[in-house]
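We name chains A, B, ... by the order of the sequence lines, and we start the count at 1 in each one. Computed from a predicted structure; not experimentally measured.
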There are 2 protein chains.
Amino acid sequence: MRIAFYQTSPVYGEIEYNVREALETLAAARADLYVLPELFSTGYLFGSRKELGRLVERVPEGPTVGVLHKFCRSRGCAIVASIAEVDRGNYYNSAVLISPRGLLGKYRKIHLFDRERLWFQPGNLDFGVWTFKRARIGLMICFDWVFPEAARVLALKGADIICHPSNLILHYCQDAMVTRSIENGVFTVTANRVGSERAEAVQLTFSGRSQITDPKGRVLARAPKVGRKFQVVDIDLSLTKKKKLTPRNHLFHDRRAKYYKEITRPTRR
Amino acid sequence: MRIAFYQTSPVYGEIEYNVREALETLAAARADLYVLPELFSTGYLFGSRKELGRLVERVPEGPTVGVLHKFCRSRGCAIVASIAEVDRGNYYNSAVLISPRGLLGKYRKIHLFDRERLWFQPGNLDFGVWTFKRARIGLMICFDWVFPEAARVLALKGADIICHPSNLILHYCQDAMVTRSIENGVFTVTANRVGSERAEAVQLTFSGRSQITDPKGRVLARAPKVGRKFQVVDIDLSLTKKKKLTPRNHLFHDRRAKYYKEITRPTRR
């Protein structure tokens with residue numbers, strides 16, 4: 001299976017341009033699965049909830065899902081991307097998995113980061129995994145990386161590849177995703193963006209270094225800190241099936257769930 | 001608070017020598033909490049369960065806990081070490097937390113690695129956290145690092161410092177413990193050993209690189225791959241109390257436990 005990320009540098013608010021520019025780049029090399037960054041179509045740093053309201057789209061009825069679907073249909077591929085979704089007046093930071101047949105999966109970011117709380121509702125759907133070309137594909141978004149439960153739940157639901165559209169600022173995540181790969185025996189694709197955005201007194205610079213990791217913790221691809229980068233990698237999906245670390249150790253069968261009870265207890269505030 | 005690890009090179013089967021050598025080294029520098037490797041007193045690669053039977057000790061009645069206690073009492077410190085425990089005919093790969101008052105905490109390794117399954121019973125006690133000099137101290141052992149649930153449960157139970165006696169072979173764990181620190185907002189102390197052991201056709205070489213990490217993911221100390229190493233670090237315990245990543249993000253309060261249900265479901269086999 002051939003998978004790819006495109007580390008983009010979107011222009012804030014210019015959905016049509018950002019989507020077209022992304023797809024023109026993806027068209028340069030065939031892959032089965034392409035992963036694009038978080039909010040790749042809109043940019044990230046909304047000035048207000050009202051401003052976001054002019055950029056949100058319905059899923060799957062909105063134009064961006066439509067254009068992505070057309071691309072997937074014509075090329076027999078799948079795309080994971082994160083876009084700003086509106087549903088019944090609520091805004092979500094969502095990731096979509098589009099296949100030649102249309103919308104295959106949708107995830108709404110469960111762990112919102114910092115100012116996203118001013119703009120978006122926290123996700124209200126379970127972590128999901130969907131099958132494309134025999135690969136089980138799980139979705140999480142950016143800051144979800146800090147919570148080991150996100151990747152864990154996706155892996156326990158059978159994910160082979162965790163697609164991870166991101167808008168990372170700091171540099172911790174990339175190493176953490178190596179750990180996520182090892183502890184769960186999965187591939188991960190972190191598609192981060194580059195560039196800077198400013199709104200009011202806030203300035204953010206995104207940190208690039210998009211990467212693909214394999215179940216042994218190998219970094220199969222890593223982009224530079226700056227600049228757009230489109231990268232394609234062939235992976236051996238069978239690596240995710242064994243989950244054996246030694247002849248006597250299985251990543252999942254060795255779990256001893258009765259000792260993990262605190263993890264699903266509601267957190268006190 | 002001053003914490004330390006001693007990366008030892010035990011002589012297989014020579015409990016008295018190994019314990020004396022360790023304590024002579026620890027005596028060289030004052031610390032509040034010293035962490036020693038997994039099975040520091042016995043060595044690791046038992047030829048058989050019967051051979052292990054000659055090396056196990058009762059906790060706290062056995063001689064090693066007695067000697068460690070004497071050291072702690074005379075110096076007002078605590079020690080974490082892992083030893084081979086016997087209880088009602090069952091053998092456990094256990095970690096003990098000894099304070100001036102005697103045995104303060106005990107943990108039996110929950111996730112046994114490879115051939116340990118031939119020798120030991122899997123741990124049958126919950127992950128535990130105990131207080132010494134206002135630090136909440138959690139215990140896990142070596143291979144537990146692969147399971148994010150281990151450090152997570154300890155942190156949710158209030159651990160400030162995760163003490164992690166180890167006999168690591170590979171090199172993945174050290175980076176993973178940086179992630180464990182960040183995701184849980186805790187200090188970690190991985191006390192690994194060096195040297196080689198052989199039993200029958202098996203030869204193991206232990207990989208050193210003992211380390212101390214802080215809640216921001218900084219590596220405060222790291223030992224070399226080879227050679228004994230005793231290292232002492234001053235830490236600021238208040239760093240573990242905030243758990244704030246941004247003014248709007250709290251590592252624990254932001255957890256959304258209702259989406260983590262798979263983690264505590266018994267794993268199918």
Visitor: I need the minimum non-hydrogen distance between Leu156(A) and Ile263(B), along with the two atoms involved.
Guide: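 Taking Leu156(A) first and Ile263(B) second, the nearest heavy atoms are CD1-CA, 4.0 Å.
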Visitor: Below 4.5 Å, heavy-atom pairs only: which of Trp145(B), Tyr172(B), Phe147(B) has the largest tally toward chain A?
Guide: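 Among the listed options, the one with the most contacts to chain A is Phe147(B).
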Visitor: May I ask you to name which of Asp175(B), Leu125(B), Ile110(B) has the most heavy-atom pairs under 4.5 Å with chain A?
Guide: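 Between Asp175(B), Leu125(B), Ile110(B), the count favours Ile110(B).
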Visitor: Would you mind checking which part of Asp126(B) comes under 4.5 Å of any heavy atom in chain A, side chain (CB onward), backbone (N, CA, C, O), both or neither?
Guide: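 The answer is both parts of Asp126(B).
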Visitor: Quick check: are there more than 12 heavy atoms from other residues, nucleotides or ligands sitting under 6.0 Å from NZ of Lys225(A)?
Guide: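 No - once you tally the heavy atoms of other residues, nucleotides and ligands closer than 6.0 Å, there are 12 at most.
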Visitor: Just wondering, more than 12 heavy atoms not from Lys50(A) lying within 6.0 Å of its NZ?
Guide: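 Counting other residues, nucleotides and ligands, NZ of Lys50(A) stays at 12 neighbours or fewer.
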Visitor: Taking all non-hydrogen atoms of both residues into account, name the closest pair between Arg256(A) and Pro122(B) and its distance.
Guide: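 Heavy-atom minimum between the residues: NH1-CB, 3.4 Å.
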Visitor: Grab the two heavy atoms, one from Glu183(A) and one from Arg180(B), that are nearest each other, plus how far apart they are.
Guide: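 Taking Glu183(A) first and Arg180(B) second, the nearest heavy atoms are OE1-NH2, 2.6 Å.
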Visitor: Between Leu112(A) and chain B, which part of the residue has a heavy atom less than 4.5 Å away: side chain, backbone, both or neither?
Guide: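 Backbone of Leu112(A) only, per the 4.5 Å heavy-atom cut-off to chain B.
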Visitor: Relative to chain A, which of Leu118(B), Asn184(B), Leu170(B), Val178(B) shows the most heavy atom pairs under 4.5 Å?
Guide: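 Option with the greatest count: Leu118(B).
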Visitor: Can you name the nearest heavy-atom pair linking Tyr260(B) to Phe127(A), along with the distance?
Guide: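 Smallest interatomic distance, heavy atoms only, reads CE2-CE1, 4.5 Å.
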Visitor: Can you tell which part of Asn124(A) gets under 4.5 Å to a heavy atom of chain B, answering side chain, backbone, both or neither?
Guide: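 Backbone plus side chain of Asn124(A), per the 4.5 Å heavy-atom cut-off to chain B.
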Visitor: To the closest 0.5 Å, what do you measure between CD (Glu262(A)) and CZ (Arg255(B))?
Guide: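 Nearest 0.5 Å value for the CD-CZ distance: 9.5 Å.
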Visitor: Counting a contact as any heavy-atom pair under 4.5 Å apart, which residues of residues 198-221 of chain B contact chain A?
Guide: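 So far as heavy atoms go, Lys216(B) are the residues that approach chain A to under 4.5 Å.
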Visitor: Is it the side chain or the backbone of Phe143(A) that comes within 4.5 Å of chain B heavy atoms, both, or neither?
Guide: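 The answer is the side chain of Phe143(A).
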Visitor: May I ask you to name which of Cys173(B), Ala150(B), Gly123(B) has the most heavy-atom pairs under 4.5 Å with chain A?
Guide: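 With the most close heavy-atom pairs to chain A, the winner is Gly123(B).
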Visitor: Side chains of Asp114(A) and Pro247(B): does their closest heavy-atom pair fall under 4.5 Å?
Guide: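 Yes. Closest side-chain heavy atoms under 4.5 Å.
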Visitor: Before giving the answer on side-chain contact (heavy atoms from CB on, under 4.5 Å), spell out for Asp254(B) and Arg117(A) the whole-Å C-alpha distance, their side-chain angles and the decisive distance to 0.1 Å.
Guide: CA-CA 11 Å; Asp254(B) 287 1; Arg117(A) 291 168 177 271; 2.8 Å; yes
Visitor: Between chain A and each of Leu245(B), Asn249(B), Thr179(B), count heavy-atom pairs under 4.5 Å; write down the option with the most.
Guide: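 Going by pairs under 4.5 Å, I would pick Asn249(B).
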Visitor: Please identify, among Lys261(A), Glu116(A), Arg115(A), Lys258(A), the residue contributing the most non-hydrogen atom pairs under 4.5 Å to chain B.
Guide: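 With the most close heavy-atom pairs to chain B, the winner is Arg115(A).
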Visitor: Does any part of the side chain of Phe113(A), heavy atoms only, come nearer than 4.5 Å to the side chain of Thr246(B), both counted from C-beta?
Guide: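 Yes; the side chains approach each other to less than 4.5 Å.
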